[in-house]
Amino acid sequence: MSKPVLADLLHTAVEAVGGTERPGQVAMAQAVAEAVEDGSHLLVQAGTGTGKSLGYLVPVLAQGDRAVIATATLALQRQLVERDLPRTVEALHPELRRRPEFAMLKGRSNYLCLHRLHEGVPQDEEEGLFDPFEAAAPTSRLGKDLLRLRDWSDETETGDRDDLTPGVSDRAWGQVSVSARECLGASRCPYGAECFAEAARERAKLADLVVTNHALLAIDAIEGAPVLPSHDVLVVDEAHELVSRVTGVATGELSPGGVNRAFRRVAKLVDEKAADRLQTASEGFERLMELALPGRLEEIPEDLGYVLAALRDAARLCITALGGTRDRSAQDEDAVRKQATAAIENVHEVAERLVQGSEYDVIWCERHDRWGASLRVAPLSVSGLLREKLFEDRSVVLTSATLKLGGDFDGVGASLGLVPGDRQARRAQEAQESDEESVTDAELPRWRGLDVGSPFDYRRQGILYVAKHLSPPGRESSRGDMLDELTELVEAAGGRTLGLFSSMRAAQAAAEELRGRLDTPILLQGEETLGELIRTFAEDAETCLFGTLSLWQGVDVPGANCQLVVMDRVPFPRPDDPLMSARQKAVEEGGGNGFMAVAATHAALLMAQGAGRLVRAVGDRGVVAVLDPRLERARYGSFLRASMPDFWYTTDRNQVRRSLAAIDRAARGGG
């Protein structure tokens with residue numbers, strides 16, 4: 001496609017959605033078109049305000065190949081399906097002479113299950129089989145939610161949980177939804193012809209472009225059985241989240257509670273021998289886990305290995321027995337059997353994975369105050385999996401506001417399974433010189449990184465301040481000098497502060513301390529729903545909002561009500577994080593710098609996202625304050641700073657206070 005034609009299409013689409021065309025958006029659209037055309041892969045960093053959605057939608061729609069768009073957040077999915085795509089398709093229709101079809105597709109548990117709604121939920125034996133609509137008091141929250149769901153089922157066209165406003169509790173939704181494993185299948189279900197999930201899959205099969213989420217993309221890649229329709233182009237938006245989402249899908253968990261639930265579900269469906277064997281193994285596992293200490297298990301202890309093997313074998317016996325027995329007393333025997341099979345198959349798969357062990361897996365024990373201990377197993381790295389499953393037979397575009405860490409794309413590229421460009425060229429050259437024919441495009445996916453910049457003038461709109469005079473954060477929970485500094489900064493800013501903390505304990509301590517020192521309202525994550533907290537923060541200029549991880553990436557408050565973003569410390573992973581520490585050790589054993597490849601990269605990504613909360617519009621002004629002197633003093637500080645927006649940098653505390661006071665006066669109308 002020629003540049004003039006693409007530029008005209010982009011201009012038309014931008015006008016249709018009421019946006020403003022940006023140079024970075026034009027450059028991105030051209031790069032996406034080139035990648036799709038030649039079958040290569042593209043990492044494109046597009047800053048907030050670039051209009052990256054149209055930067056990939058227009059060239060993908062114009063090329064005409066079947067495409068999948070995967071995003072991390074519901075907000076972006078809604079923006080694409082409800083705003084950007086309808087307007088763009090309509091605007092481009094006269095030029096393209098066709099009207100591309102688009103659809104949304106999510107995992108099955110996101111859709112209302114009519115069988116569950118009308119026939120009830122198979123319950124554990126001790127609770128009996130009951131209709132939740134009858135059992136739940138209509139005045140209770142659960143009862144009210146279930147009645148709303150029943151009424152909504154007659155109105156909704158999609159059955160999509162996210163279309164239900166206001167929402168319902170997870171417990172209520174669990175009564176009317178099923179996982180893919182629990183589903184009876186459209187051909188066997190009496191409601192198969194009306195199934196919302198099946199209807200969504202049919203729409204996706206017919207669509208030219210499908211919008212989905214990272215989790216479903218990961219399932220499609222990992223489990224082998226395709227859940228997404230075949231496609232030639234994949235666009236991963238919010239791509240900085242992809243590795244963690246894929247890791248989450250590939251992580252298995254085994255807990256005494258989960259094993260006991262599986263036992264209760266299969267006990268009445270299998271013969272006595274199989275049930276007794278599973279009960280014995282379950283009890284042995286529970287006794288061991290009562291004594292288990294949290295932390296990584298580099299080798300499975302002999303007694304635990306024996307119990308896990310017994311659990312695996314008992315689960316396998318029950319799976320076999322489930323195929324040959326019937327429970328005539330169950331009201332809906334097929335649904336009961338399906339739920340039991342799903343539960344026991346999960347126990348078998350995770351126990352087998354734990355027993356077998358693998359140098360490519362990390363195993364650890366977690367202990368939760370409420371749920372007790374559990375075993376978890378996760379891949380040491382997902383880069384190989386992504387290289388093999390994501391980048392074959394299609395062109396992939398990955399985009400985000402934060403893909404360049406430390407000034408280049410190599411770190412993020414490596415985490416995705418993409419060999420850095422210089423190493424790729426060197427390996428290809430070595431292969432050529434030795435007449436090797438084994439180095440193929442499939443082995444070395446062709447890719448490039450592109451930073452299209454941002455429409456914001458970061459050096460004029462924001463200041464990055466590092467409080468280098470403070471004492472370095474240690475393991476102790478109290479940092480008196482940091483709290484003094486935070487108090488003075490909030491006072492100078494007149495409130496208007498988003499406080500990003502490395503732990504919930506630190507956020508709570510800071511909120512408690514500043515509530516005692518200042519009249520400024522301090523909102524704290526966990527004291528209200530996140531949506532309500534952000535709404536209040538956006539509406540009240542003098543309010544501060546303190547919280548942890550989800551706030552580092554989930555707050556979009558343009559304007560004068562967020563003019564100071566504070567980070568209490570560099571957000572390295574916890575030293576006792578089993579997965580992160582294992583990944584760091586693996587890099588070091590391979591001759592690399594584990595700290596920089598894992599811990600510093602993790603921190604850089606979060607700090608880039610956190611700093612991005614400050615400037616959300618062209619007129620925004622403010623300060624990002626990092627209350628950790630290591631960002632200035634430590635050798636890795638320059639790497640972290642290079643990953644953040646290019647704000648004007650200072651360590652002068654007095655200058656920052658004067659700047660905050662001036663910004664506050666301007667926001668109040670004082671010039």
Side-chain angles (χ1 to χ4, degrees), residues 13 16-17 52-58 60-61 64-93 98-114 149 152-153 155-168 173 176-180 183 186 192 194-221 223 225-239 241-242 245-246 249 390 394 396-399:
V17 301
K52 68 180 187 300
S53 297
L54 291 186
Y56 58 72
L57 284 179
V58 171
V60 167
L61 291 171
D65 295 320
R66 295 198 71 195
V68 167
I69 312 288
T71 77
T73 62
L74 171 62
L76 182 54
Q77 290 171 36
R78 282 192 176 280
Q79 177 189 315
L80 290 172
V81 173
E82 297 177 5
R83 178 177 180 268
D84 292 349
L85 273 167
R87 297 181 187 182
T88 301
V89 166
E90 192 62 36
L92 298 186
H93 172 233
R98 55 186 171 82
R99 197 186 301 274
E101 297 290 332
F102 58 90
M104 172 93 81
L105 183 62
K106 302 177 183 178
R108 191 170 291 273
S109 61
N110 290 279
Y111 299 97
L112 184 75
C113 173
L114 293 171
L149 285 165
W152 179 67
S153 70
E155 305 166 2
T156 178
E157 295 182 2
T158 65
D160 186 338
R161 180 180 183 178
D162 294 322
D163 291 340
L164 176 63
T165 305
V168 296
W173 187 257
V176 297
S177 65
V178 295
S179 67
C183 176
E194 309 162 66
C195 177
F196 292 116
E198 288 298 319
R201 294 188 73 169
E202 287 303 312
R203 287 193 296 270
K205 287 179 184 177
L206 299 173
D208 301 287
L209 188 149
V210 176
V211 178
T212 188
N213 52 47
H214 288 183
L216 198 62
L217 176 64
I219 291 169
D220 186 74
E223 298 193 351
V227 293
L228 294 172
S230 61
H231 52 281
D232 305 302
V233 179
L234 170 64
V235 178
V236 182
D237 205 339
E238 302 169 310
E241 291 270 17
L242 183 62
R245 299 299 173 100
V246 173
V249 169
L390 204 68
R394 58 185 167 187
V396 182
V397 175
L398 301 110
T399 184

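With rounding to the nearest 0.5 angstrom, the CD1 atom of Ile69 is 7.5 Å from the CG atom of Leu85. How far CD of Gln77 is from OG1 of Thr212: 7.0 Å, rounded to the nearest 0.5 Å. Atoms CG and OG1, on Asn213 and Thr73 in that order, are 10.0 Å from each other to the nearest 0.5 Å. For the atom pair Leu217 CG and Leu105 CG, the distance stands at 11.5 Å (nearest 0.5 Å). In this structure, CG on Asp232 lies 11.5 Å from CG on Leu234, to the nearest 0.5 angstrom. Glu90 contributes atom CD, which lies 10.0 Å from atom CG of Leu92 (distance to the nearest 0.5 angstrom).
Within the 3.5 Å criterion, the main-chain N or O of Leu228 finds a donor-acceptor partner in the side chain of Asp220. Not a single donor-acceptor pair under 3.5 Å links the side chain of Glu194 to the backbone N or O of Leu114. The backbone N or O of Ala207 sits less than 3.5 Å from a side-chain atom of Arg66, completing a donor-acceptor pair. A donor-acceptor contact shorter than 3.5 Å links the side chain of Arg161 to the backbone of Val168. A donor-acceptor contact shorter than 3.5 Å is absent between the side chain of Ser179 and the backbone of Ser109.
For the pair Ala204 and Pro229, the tightest heavy-atom approach, listed with the atom from each and the gap, is O-CG, 3.6 Å. Between Arg99 and Val89, the shortest heavy-atom contact is CG-CG1, 3.5 Å. Residues Gly159 and Trp173 approach most closely at O-CH2, 3.9 Å, considering heavy atoms.
A salt bridge links Arg108 with Glu198: at least one charged nitrogen is closer than 4.0 Å to a carboxylate oxygen. Between Arg203 and Glu101, no side-chain nitrogen of the basic residue sits less than 4.0 Å from a carboxylate oxygen of the acidic one, so the salt-bridge criterion is not met. A salt bridge links Glu202 and Lys205; the closest N-O separation between the charged side-chain nitrogens and carboxylate oxygens is under 4.0 Å.
Within 6.0 Å of the CD atom in Glu157, the count of heavy atoms belonging to other residues, nucleotides or ligands does not exceed 12.
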Quiz item: Where do Arg98 and His93 land on the side chain to side chain donor-acceptor pair (under 3.5 Å) test, with the steps shown first?
Solution: CA-CA 6 Å; Arg98 55 186 171 82; His93 172 233; over 6 Å; no
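When each of Asp160, Val176, Val178 is tested with Tyr111 by the rule side chain to side chain contact (heavy atoms under 4.5 Å, CB included), just one qualifies, namely Asp160.
Applying the side chain to side chain contact (heavy atoms under 4.5 Å, CB included) test to Ser53 and every residue at least two apart in sequence or in another chain returns Tyr56, Leu76, Gln79, Leu80, Asp84, Asp237.
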